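Have a look at this one.
Side-chain atoms are counted along with the backbone in the values below, which use heavy atoms only and exclude waters and symmetry mates. In this chain, numbering begins with 1 at the start of the sequence shown. Small disclaimer: the values here were computed from a predicted structure and weren't measured.
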Amino acid sequence: GRPVTVSIENPGIGSVCSHHFLPYGIQNNSNSKIVISYMPNEKLLGLSKIGRFVEWCLNRPSLQEEVTELIHDKIKEIAETDHVYVGLFNVVHTCEITRGAKQYSTTTTEDYSGIFDSAEMRRTIVDGTK
């Protein structure tokens, strides 16, 4: 089989940082996106359900690192597969803009397992969503 890959580039998707209680999320002007890929065994997840599931995970205050791990672990559990990749790319945190460093920067986090332990495989998935 081949991995199923979903790229979410909806600027309406985001969360609230549980550290500063300020929003973070996908922005059109920063090449922000969420990439989820998994190698299905018996269960194939609906593409729109993945997007809704990601929104559900982001619905409560959390750190970007925590939500990345949560999405990874839950996709692994629901799809019953050991092969999952989750990347949150170039996410804009308003706490970076309004507090502390007061600069515009972005944050990328990844969590992966199985076939995605291979850097080549991760590169193929991420480059394929550009």
* N/O donor-acceptor pair under 3.5 Å between T94 side chain and P23 backbone ->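 Such a contact is found between T94 side chain and P23 backbone.
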* To do: Check step by step if salt bridge (charged side-chain N to carboxylate O under 4.0 Å, His left out) holds for E120 and R123.
  => CA-CA 5 Å; E120 179 69 27; R123 196 169 25 260; 3.2 Å; yes
* Contact check, side chains of F89 and V126, non-hydrogen atoms, under 4.5 Å ->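 Side-chain contact under 4.5 Å: yes.
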* To do: State whether a side-chain donor-acceptor pair under 3.5 Å links S32 with Q27.
  =>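 The criterion, which ignores hydrogens and geometry beyond distance, is not satisfied for Q27 and S32.
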* Residue that, paired with S37, satisfies side chain to side chain contact (heavy atoms under 4.5 Å, CB included) out of T5, V86, V84 ->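 Single side chain to side chain contact (heavy atoms under 4.5 Å, CB included) partner of S37 among T5, V86, V84: T5.
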* Between N90 (side chain) and N31 (backbone), is there a donor-acceptor pair under 3.5 Å? -> yes
* Please report the closest heavy-atom contact between E80 and K43, naming both atoms and the distance. => OE2-NZ, 3.1 Å
* Can you check whether H93 reaches L22 side chain to side chain, under 4.5 Å on heavy atoms? -> no
* **Taking every non-hydrogen atom, the tightest pair across T109 and Q64** =>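 For T109 and Q64, the tightest heavy-atom pair comes out as OG1-NE2, 3.1 Å.
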* To do: Measure from NZ or CZ of R122 to the centre of the six-membered ring of Y85 and say whether it is under 6.0 Å with the direction within 45° of the ring axis.
  => no
* Taking every non-hydrogen atom, the tightest pair across I115 and P3 ->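 Closest approach of I115 to P3, heavy atoms only: CD1-CG, 4.3 Å.
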* Asked: For residues 58-71, which residue pairs qualify under salt bridge (Lys or Arg N to Asp or Glu O under 4.0 Å), counting only residues two or more places apart or in two chains?
  -> none
* To do: Return the minimal non-hydrogen interatomic distance between N41 and T81, and the atom names on each side.
  => ND2-CA, 3.6 Å
* OG/S7 to CD1/I50 distance, rounded to the nearest 0.5 angstrom? ->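 Separation between the atoms: 11.5 Å.
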* Check whether I125 and M39 end up in the same hydrophobic cluster, where Ile, Leu, Val, Met, Phe, Trp and Tyr are linked by side-chain heavy atoms less than 4.5 Å apart. => yes
* **Min side-chain heavy-atom separation F53-C57 under 4.5 Å** => yes
* To do: Ignoring hydrogens and angles, state whether a donor on the side chain of S113 or H83 is under 3.5 Å from an acceptor on the partner side chain.
  => no
* Treat each ILVMFWY residue as a node, draw an edge where side-chain heavy atoms are under 4.5 Å apart, and state whether V67 and V16 are in one component. => no
* With the side chain counted from C-beta on, respond yes when I26 and K33 share a heavy-atom pair under 4.5 Å apart, and no when they do not. =>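 Sidechains of K33 and I26: no contact.
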* Asked: Out of curiosity, S62 OG to L70 CG, how far, rounded to the nearest 0.5 Å?
  -> 8.0 Å
* To do: Report the C-alpha distance between I8 and V54 in whole Å, list the side-chain angles of each, state the deciding distance to 0.1 Å, and finish with yes or no for side-chain contact (heavy atoms from CB on, under 4.5 Å).
  => CA-CA 9 Å; I8 301 168; V54 168; 3.9 Å; yes
* **Heavy-atom check, side chain of L58 versus side chain of Y24, under 4.5 Å** => yes
* Asked: Are V6 and I78 in one and the same hydrophobic cluster, where Ile, Leu, Val, Met, Phe, Trp and Tyr link if side-chain heavy atoms are under 4.5 Å apart?
  ->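 Same hydrophobic cluster.
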* **Value rounded to 0.5 Å, distance of CD1 in I34 from CG in N10** =>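 Output value for this atom pair is 9.0 Å.
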* **Spacing of CG belonging to L47 relative to CZ belonging to R52, to within rounding of 0.5 Å** => 10.5 Å
* Where do E110 and T68 come nearest, in terms of heavy atoms and distance? -> C-CG2, 3.8 Å
* Under 3.5 Å: donor-acceptor pair, side chain of Y38, backbone of L45 -> yes
* Taking atom OG1 of T107 and atom CG of L63, what is their separation to the nearest 0.5 Å? -> 11.0 Å
